[in-house]
Amino acid sequence: MTVRDNLALIRRQVEAACARVGRNPADVRIIAVTKYVDAARAQEVLHAGIGDLGENRSEQLLEKYEALGNRATWHFIGTLQSRKVKEVIDKVDYIHSLDRLSLAKEIEKRAARPVKCFVQVNVSGEATKHGLAPEETIPFIEQLRSFSRIEVVGLMTMAPHTDDEAVLRSCFRRLRALKERVQEFGWAHAPCTELSMGMSNDYVIAVEEGATWIRIGSALVGSL
Ligand SMILES: *Cc1c(COP(=O)(O)O)cnc(C)c1O
């Protein structure tokens, strides 16, 4: 399947999901996760009309950036080691994996401008997953008030690997509820309007539950 065909299918699913819950499909943005594919395939994504690309490793982000530069909006979606921050910070537009103070400090030190960050939350509590526990999230965001280079635009999560719709739905719902609690504080540094949730196997449910950014890899670009 071409990226264009895959994208048409995903867009139809997103529109149908939005229609079911009374959302505007324009409020759901697609990040093409290109970690499985080469720069030529990533280029195909841009041609198909998706300008947001996501990578989960700094090496791959740099490689793709080399080829495509600022023709794309770059999202860092994977675990970010503090020592890698300086290599990617002037290239990425969004970081989806802010989950600890040491990383926030490194971003603050290295960034020349405010960086849009999602705080990653481990809603499901699986030991293998990164992210803050839900109850740690608000105190963590509060601590970022004095950071001039970090703007908390939203929350991000990865749902458990399951086909159990109820489990997925409850995970996404809890992230949305947490986001709404953060918004109630009205913090200038944390508008927290966005929800980064939903991947190839669960994006329809994520959209029904309020996702504003879905991160799609295999269903969009394949996994060559
Ligand atoms: C790989 C990855 C995705 C996309 O995964 P697919 O299941 O291929 O859509 C989304 N988010 C993160 C954080 C990832 O690492």
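For ligands, and for the atoms within them, numbers begin at 1 and follow the listed sequence. As the structure is a computational prediction, the values presented were derived from the model and not from experiment.
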key: Parallel, tilted or perpendicular: ring planes of His75 versus His96, cut at 30 and 60 degrees   = tilted

ask   = Does Glu44 come within less than 4.0 Å of Arg41, counting only side-chain N to carboxylate O?
value = yes

Neighbour list for ligand 1 [protein residues, heavy atom under 4.0 Å] = Val33, Lys35, Tyr36, Asn56, Ile77, Met156, Met158, Met199, Ser200, Arg215, Ile216, Gly217, Ser218

request  = Answer with yes or no whether the hydrophobic clustering places Tyr203 together with Leu7; edges join I, L, V, M, F, W, Y residues whose side-chain heavy atoms lie under 4.5 Å apart.
outcome  = yes

request  = Look at the aromatic rings of Trp187 and His189 and report parallel, tilted or perpendicular, splitting at 30° and 60°.
outcome  = tilted

Can you give each donor-acceptor pair under 3.5 Å made by side-chain atoms of residues 139-154, sequence neighbours left out, with the distance rounded to 0.1 Å?
residue : atom : partner : partner atom : Å
Ser148  : OG   : Glu108  : OE2          : 3.1
Arg149  : NE   : Ala111  : O            : 2.9

ask   = Less than 4.5 Å apart, any side-chain heavy atom of Ile95 and any of Cys117?
value = yes

